[in-house]
Amino acid sequence: MRIPTTIRGLAQTMLDLGLVAHQDGVWSMPEVFPLPEDTLTVPKPVLARLRRMRHFAYTEPADLALVHHLIDDLDYPEEVFTSLDRLVAITGVDIEKVQAALDQLVEIGDAQLTSTA
């Protein structure tokens with residue numbers, strides 16, 4: 001894509017990227033913007049980094065709630081015997097985000113999980 005040098009060029013670039021729409025003389029913006037890879041050719045390393053950043057943003061509320069619980073409520077325990085349902089109730093975060101946050105904590109080495117089932 002060419003770098004826009006005029007307001008008209010900027011408007012056309014925004015149209016091309018799906019950031020705005022123009023129909024019957026009315027300009028509008030979508031409720032959710034398209035992902036960069038949906039409109040641009042993104043190199044694989046950059047795409048991997050973007051996906052990782054999105055994942056961290058997705059799990060951040062649950063990460064913070066879990067860490068808050070472990071530090072402030074439980075005073076840095078060595079072990080915690082709990083369940084997903086309890087963690088959902090304690091953190092107020094939905095189960096998918098709690099699971100994703102736990103997966104991430106395990107992946108980066110900040111937690112170990114053991115199943116008793």
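We count residues from 1, following the sequence as given.
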Inspect the surroundings of [atom1] in [X] and state if more than 12 heavy atoms from other residues, nucleotides or ligands are less than 6.0 Å away.
{"X": "Ile7", "atom1": "CD1", "answer": "no"}
{"X": "Arg54", "atom1": "CZ", "answer": "yes"}
{"X": "Ile3", "atom1": "CD1", "answer": "no"}
{"X": "Arg52", "atom1": "CZ", "answer": "yes"}

How many angstroms lie between [atom1] in [X] and [atom2] in [Y], if you round to the nearest 0.5 Å?
{"X": "Ser28", "Y": "His22", "atom1": "OG", "atom2": "NE2", "result": "9.5 Å"}
{"X": "Tyr58", "Y": "Asp63", "atom1": "OH", "atom2": "CG", "result": "11.5 Å"}
{"X": "His55", "Y": "Glu60", "atom1": "NE2", "atom2": "CD", "result": "12.0 Å"}
{"X": "Arg2", "Y": "Thr13", "atom1": "CZ", "atom2": "OG1", "result": "9.5 Å"}

Kindly indicate whether the side chain of [X], heavy atoms from C-beta on, has any atom under 4.5 Å from the side chain of [Y].
{"X": "Leu50", "Y": "Pro36", "result": "yes"}
{"X": "Leu102", "Y": "Thr59", "result": "no"}
{"X": "Trp27", "Y": "Leu15", "result": "yes"}
{"X": "Leu105", "Y": "Leu66", "result": "yes"}
{"X": "Gln112", "Y": "Val106", "result": "no"}
{"X": "Tyr76", "Y": "Leu70", "result": "no"}

Between Asp103 and Gln99, is there a side-chain donor-acceptor contact under 3.5 Å, judged purely by atom types and distance?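 Looking only at side-chain atoms, Asp103 and Gln99 do not form any donor-acceptor pair under 3.5 Å.
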Which pair of heavy atoms, one from [X] and one from [Y], lies closest together, and at what distance?
{"X": "Val98", "Y": "Val93", "answer": "CG2-O, 3.7 Å"}
{"X": "Lys97", "Y": "Ala62", "answer": "O-CB, 3.4 Å"}
{"X": "Pro77", "Y": "Val80", "answer": "CG-CG2, 3.4 Å"}
{"X": "Val42", "Y": "Val46", "answer": "CG1-CG1, 3.6 Å"}
{"X": "Pro34", "Y": "Leu17", "answer": "CG-O, 3.2 Å"}

Give a yes or no on whether the backbone of Glu96 and the side-chain of Asp94 come within a donor-acceptor separation of less than 3.5 Å.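 Looks like yes, one N/O pair under 3.5 Å.
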In one Ile/Leu/Val/Met/Phe/Trp/Tyr side-chain cluster, 4.5 Å: [X], [Y]:
{"X": "Val67", "Y": "Leu74", "value": "no"}
{"X": "Met14", "Y": "Leu40", "value": "yes"}
{"X": "Leu19", "Y": "Leu35", "value": "no"}

